[in-house]
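What follows is a set of notes on a single structure, which appears directly below.
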Amino acid sequence: MTNRSILRKLLHLPPSQSDTQRPVPLWILRLAYTLPWLLLPPCLWRLPFAFHFEMGMQNQGTMPALWMSIPYVFGLSISTELAALLCIGLVRRWGEVAPTWLPLIGGRPVPALAAVVPAFVGGLALTALFTGVPVSHQETLTLAFGVQENVVFINGWWHALAAVCTAPLQFWGPIVLVLAFAYHLRRRAPAVDHLGEGAS
C-alpha cells in the first residue's frame, strides 16, 4: 500500500477513479466524500448539550436527565455521520453490488430503486427539516413545518459559533438529492467501461 493510498484511507478522501459499472463524474464523487466532513461541525457542536452545556443559548427550558440526554445526543450525532457515510454508496461499487460479507444478499446486484427511492425521500425530508428561508430582517426562518424564531444567545460570539457550525445542515438534503439523481442517471444508462466503450 502506497503512502498516497494510506493517506486517502486516513483522511477518508475519494479514490482517484470510480469503481462503479459506469464512471462517476469526479465532482459527484468528491461531493459524496465531502458530505461526512460537512456534517462533522454540527455533530461536534451538538455534543456539549448531552452534558447540559447550552452553548450560549438562553431560555432553553428544562434539560432531560443525563441518562437520557447523553445517549440521545451522541446517538443523533453518530447517526448523522453514518447516514452521510451511507450516501457514499451512491458513488461506489458497493452501492450497485452488495458486499460479499452481507448475509443473504452479499454479491447480488442492488436494485436501482432500492437505493434511489430512500435517497430521494431522505433528501426531501432533510431539505424540509433543515433548509430555511429568511422571511424578515430579524432572521426568522420559515421551514416546511412552520415558522421558527431564532434562539436568543448570551452574546454575538455564541450566535456566530452556532451559525457557522449548524449552517452545513442546510446543504445536507440538497446534496443527497443531487447524489440520488446522479445515481439514478448512471444506473439507468447502458453500461460502459471506463474507456468509454459500450458494454457487450
Side-chain angles (χ1 to χ4, degrees), residues 1-47 73-131 164-196 199:
M1 188 177 284
T2 65
N3 289 340
R4 179 172 289 185
S5 60
I6 292 173
L7 187 63
R8 284 187 180 279
K9 294 276 187 194
L10 289 176
L11 297 179
H12 194 65
L13 298 175
S16 55
Q17 63 180 13
S18 61
D19 59 356
T20 52
Q21 190 174 22
R22 286 181 55 84
V24 177
L26 186 59
W27 73 274
I28 292 288
L29 193 64
R30 288 176 176 167
L31 187 63
Y33 273 81
T34 300
L35 188 57
W37 291 104
L38 190 68
L39 296 178
L40 190 59
C43 288
L44 295 177
W45 178 82
R46 187 187 295 136
L47 295 182
V73 173
F74 275 79
L76 192 59
S77 290
I78 291 170
S79 299
T80 298
E81 281 299 309
L82 289 177
L85 291 170
L86 191 60
C87 288
I88 293 175
L90 297 172
V91 298
R92 295 302 307 272
R93 178 75 174 163
W94 56 269
E96 298 178 357
V97 178
T100 54
W101 53 266
L102 286 175
L104 301 177
I105 63 169
R108 295 185 180 181
V110 175
L113 287 180
V116 170
V117 172
F120 268 117
V121 171
L124 290 172
L126 291 167
T127 301
L129 285 172
F130 296 117
T131 305
V164 169
C165 289
T166 60
L169 287 172
Q170 297 188 51
F171 303 104
W172 188 6
I175 288 175
V176 172
L177 291 174
V178 169
L179 296 176
F181 187 65
Y183 178 92
H184 169 68
L185 291 179
R186 194 175 72 251
R187 291 295 303 274
R188 76 172 186 172
V192 296
D193 62 27
H194 289 265
L195 297 178

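Keep in mind the model is a prediction, meaning the values are calculated, not measured. The basis for the numbers below is simple: all heavy atoms, side chains too, and nothing from hydrogens, waters or symmetry mates.
Taking Trp94 as the reference, nothing meets the ring pair (Phe, Tyr, Trp, His ring centres under 6.0 Å) condition, with sequence neighbours excluded.
A distance of 10.0 Å separates CG of Leu169 from CG of Leu129, quoted to the nearest 0.5 Å. From Thr100, atom OG1 reaches atom CD1 of Ile105 across 11.5 Å, with rounding to the nearest 0.5 Å. Summarising the geometry, atom CD1 belonging to Ile78 is positioned 12.0 Å from atom CG belonging to Leu85; distances are rounded to the nearest 0.5 Å.
Counting only heavy atoms from C-beta outward, the side chains of Arg187 and Val116 never approach each other to under 4.5 Å. No side-chain heavy atom of Thr127 sits less than 4.5 Å from a side-chain heavy atom of Leu124. Within the 4.5 Å cutoff, no side-chain heavy atoms of Pro41 are placed close to those of Val164. No side-chain heavy atom of Tyr183 sits under 4.5 Å from any side-chain heavy atom of Val91. Using a 4.5 Å heavy-atom threshold, the side chains of Ile175 and Leu38 count as touching.
Using a distance-only test at 3.5 Å, with no hydrogens or angles considered, no donor-acceptor pair links the side chain of Glu81 to the main chain of Cys43. When atom types are taken as modelled, the side chain of Arg186 and the backbone of Leu90 share a donor-acceptor pair closer than 3.5 angstrom.
The shortest heavy-atom contact between Val110 and Gly95 is CB-O, 3.7 Å. The two atoms that bring Gly107 and Val97 nearest to each other are O-CG1, 3.5 Å, heavy atoms only. Heavy atoms only, all atoms of each residue included: Leu39 and Thr80 are closest at CD1-CG2, 3.9 Å.
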message: Checking Val176 against Leu35 for the side chain to side chain contact (heavy atoms under 4.5 Å, CB included) test, could you report, in this order, the C-alpha distance in whole Å, the side-chain angles of both residues, the deciding distance, and whether it holds?
response: CA-CA 9 Å; Val176 172; Leu35 188 57; 4.2 Å; yes

Side chain to side chain contact (heavy atoms under 4.5 Å, CB included) between Leu44 and Cys165, intermediate numbers included: CA-CA 8 Å; Leu44 295 177; Cys165 289; over 6 Å; no

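Relative orientation of the Trp172 and Phe130 rings is parallel, given thresholds of 30° and 60° on the angle between their planes.
Counting heavy atoms of neighbouring residues, nucleotides and ligands inside a 6.0 Å radius, atom CZ of Phe181 does not exceed 12 of them.
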